[in-house]
Number of protein chains: 2
Amino acid sequence: MAANSQFSMAVHVLAMLAGSRDENTKSDYLACSVNTNAVVIRRLLGQLNQASLVISQTGANGGSRLARCPNDINLAEIYKAVNCGEVFALHAKAPSKDCPIGKNIEAVLGCLQREIDKGIEEKLSRYTLQNVFEMVEQGKV
Amino acid sequence: MAANSQFSMAVHVLAMLAGSRDENTKSDYLACSVNTNAVVIRRLLGQLNQASLVISQTGANGGSRLARCPNDINLAEIYKAVNCGEVFALHAKAPSKDCPIGKNIEAVLGCLQREIDKGIEEKLSRYTLQNVFEMVEQGKV
DNA sequence: CCTTCTGTAACTTATTTTGATACAAATACA
DNA sequence: TGTATTTGTATCAAAATAAGTTACAGAAGG
């Protein structure tokens, strides 16, 4: 289970919330559709909350709803809101500083990493949550 | 240690090989620069071999060298050659088919995943191994 | 032959994600 | 005010995977 699917789950959850605008949706209900545990969903909602994408309420009749209109939320925001690592990881242990390649490779790779990540965000930012919601609802890809 | 750094290690190794054209380089030597175990390097070289990026020789005076000129190897090929998962993982467990969102979300996410991955490869393909080698050697990013 | 290397299998360790249980605090409502 | 409901969060267990390690067969040079 070590493959990070938080972005997928986040999009799923937000698409659900997009379908029930202004009404509070319970983590239990979301968990049921995502097919996972309610705590996993609540952890995810916590991150989306911090990113001001959702609003949650405790207590009876509590639950979560979108903080903004689905047209105003794009996938890049979701990507940045959740913990989904980097495109590729840099070296686990720092390379040898005694080697001319090892000495500088990390800087070059880090730079590349940032560039790629910027590209991903650019592509993701082209889609709004509304777009996704419509694609899912219409069963059209 | 569960963050996949195979792409980083692969670029590192190939940059080393680019620096010693035509001469066999031993996995031990590469491991030393990457600061890891020689077996980890050999496993990596195995994948690069399958992708026809390197040629390895067993036996005394064995080792590995580039199969092609560094100008003819781009980073997208390296990315595809090594196991570095997807940009984001789809749901670990399939979402509920009873939910209109759950039923279709995977198809939409899968499509998005492929589009993003194509974008990554496009960006990576702009760099050759020679480019990287020069950046690393000159300590310029 | 003997030495040097790679290729690969097998096993261990470290790290991370996800799943599950439990409970305090917040809120609605009777 | 009291009760039921729901989130937030802590804590622990389970599962998956990457990386580290040891070991050894087999290839190649001399």
Side-chain angles (χ1 to χ4, degrees), chain A residues 1-10 12-13 17 20 23-32 34-51 54-65 67 82-95, chain B residues 1-10 12-13 17 20 23-51 53-65 67 82-95:
Chain A
M1 268 164 231
N4 194 323
S5 60
Q6 286 183 46
F7 176 72
S8 287
M9 290 197 289
H12 185 153
V13 162
L17 298 186
S20 55
E23 235 176 83
N24 279 339
T25 305
K26 297 188 231 318
S27 59
D28 241 2
Y29 181 74
L30 295 167
C32 200
V34 177
N35 193 12
T36 184
N37 193 283
V39 172
V40 172
I41 298 296
R42 292 206 287 267
R43 279 199 280 243
L44 200 56
L45 286 167
Q47 296 185 82
L48 299 175
N49 207 311
Q50 282 202 311
V54 304
I55 292 170
S56 297
Q57 281 177 10
T58 60
N61 296 330
S64 302
R65 60 185 190 281
V82 298
N83 260 340
C84 42
E86 304 288 344
V87 196
F88 55 85
L90 299 186
H91 296 62
K93 287 196 286 188
Chain B
M1 267 162 230
N4 194 320
S5 59
Q6 287 182 47
F7 175 72
S8 288
M9 290 195 290
H12 186 154
V13 162
L17 299 186
S20 55
E23 234 177 84
N24 278 340
T25 305
K26 297 188 230 317
S27 60
D28 242 2
Y29 180 75
L30 295 168
C32 200
S33 171
V34 177
N35 192 14
T36 185
N37 193 283
V39 173
V40 172
I41 297 295
R42 291 208 287 267
R43 280 199 280 241
L44 201 55
L45 286 167
Q47 295 184 83
L48 299 175
N49 208 310
Q50 281 200 312
L53 295 174
V54 305
I55 292 170
S56 298
Q57 280 178 12
T58 60
N61 295 331
S64 302
R65 59 185 191 281
V82 299
N83 259 340
C84 43
E86 304 290 342
V87 196
F88 55 84
L90 298 186
H91 297 62
K93 287 196 287 189

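In what follows, chains carry the letters A, B, and so on, assigned in the order in which the sequence lines appear, proteins first and then strands, with residues in each chain numbered from 1. Predicted model, so just to flag it, every value in this text is computed and none were measured.
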Counting only N and O atoms by type, is there a donor-acceptor contact under 3.5 Å from the side chain of A:Asn24 to the main-chain atoms of A:Asn61?
yes
Calculate the interatomic distance between A:Asn24 atom CG and D:dG8 atom P; express it in whole Å.
11 Å
Closest to side chain of B:Thr36, choosing from C:dA22, C:dG19, D:dG20:
D:dG20
Measure the distance from CG on A:Leu30 to C1' on C:dG19 and round it to the nearest whole Å.
17 Å
Just compare D:dT22, C:dT18, D:dA19 and give me whichever is closest to any side-chain atom of A:Ser5.
C:dT18
In whole Å, what is the span from the CG atom of B:Leu45 to the P atom of D:dA19?
14 Å
Which whole-number value in Å describes the distance from A:Lys93 NZ to D:dA19 P?
12 Å
When rounded to whole Å, the NE2 to P distance for the pair A:His91 and D:dG20 reads 11 Å
By a strict heavy-atom criterion of less than 4.0 Å, which residues belonging to residues 82-90 of chain A are in contact with DNA chain C?
none
Gap separating the CE atom of B:Met9 from the NZ atom of A:Lys93, nearest 0.5 angstrom
11.0 Å
Counting any heavy atom closer than 4.0 Å, what does B:Ser64 reach on the DNA or RNA strands: base, sugar-phosphate only, or nothing?
nothing
Determine whether a donor-acceptor pair (N or O, by modelled atom type, separation under 3.5 Å) exists between the side chain of B:Ser8 and the backbone of A:Ala89.
yes
Would you mind reporting whether A:Pro95 and B:Val34 have side-chain heavy atoms less than 4.5 Å apart?
no
Do B:Ser20 and B:Thr25 pair up side chain to side chain, a donor and an acceptor below 3.5 Å, judged on atom types alone?
yes
Rounded distance in Å - CG (A:Asn37) to C1' (C:dA22):
12 Å
Set of residues satisfying side chain to side chain contact (heavy atoms under 4.5 Å, CB included) with respect to A:Ala51, sequence neighbours excluded
A:Leu53, A:Ala81
Whether the side chain of B:Asn35 engages the backbone of A:Ala94 through a donor-acceptor N/O pair (distance < 3.5 Å, no angle test) should be reported.
yes
Nearest listed nucleotide, side chain of A:Asn4, among C:dG7, C:dT17, D:dT21:
C:dT17
Counting side-chain heavy atoms from CB outward, which of C:dG7, D:dT22, D:dA19 is closest to B:Val39?
D:dT22
For the pair A:Gln47 (side chain) and A:Asn83 (backbone), establish whether a donor and an acceptor sit closer than 3.5 Å, ignoring hydrogens and angles.
yes
Heavy-atom distance under 4.5 Å between the side chains of A:Leu17 and A:Leu30, does that happen here?
yes
Distances for protein N or O near nucleotides 1-5 of chain C N or O, under 3.5 Å:
{"from": "C:dT4", "atom 1": "O2", "to": "B:Ala60", "atom 2": "N", "distance (Å)": "2.9"}
{"from": "C:dC5", "atom 1": "OP1", "to": "B:Lys26", "atom 2": "NZ", "distance (Å)": "3.1"}
{"from": "C:dC5", "atom 1": "O4'", "to": "B:Gly59", "atom 2": "O", "distance (Å)": "2.9"}
{"from": "C:dC5", "atom 1": "O2", "to": "B:Gly59", "atom 2": "N", "distance (Å)": "3.2"}

Measure CG/A:Asp28 against C1'/D:dA4 and give the value in whole Å, please.
15 Å
For A:Ile41 and C:dA20, give me the distance from atom CD1 to atom C1', rounded to whole Å.
14 Å
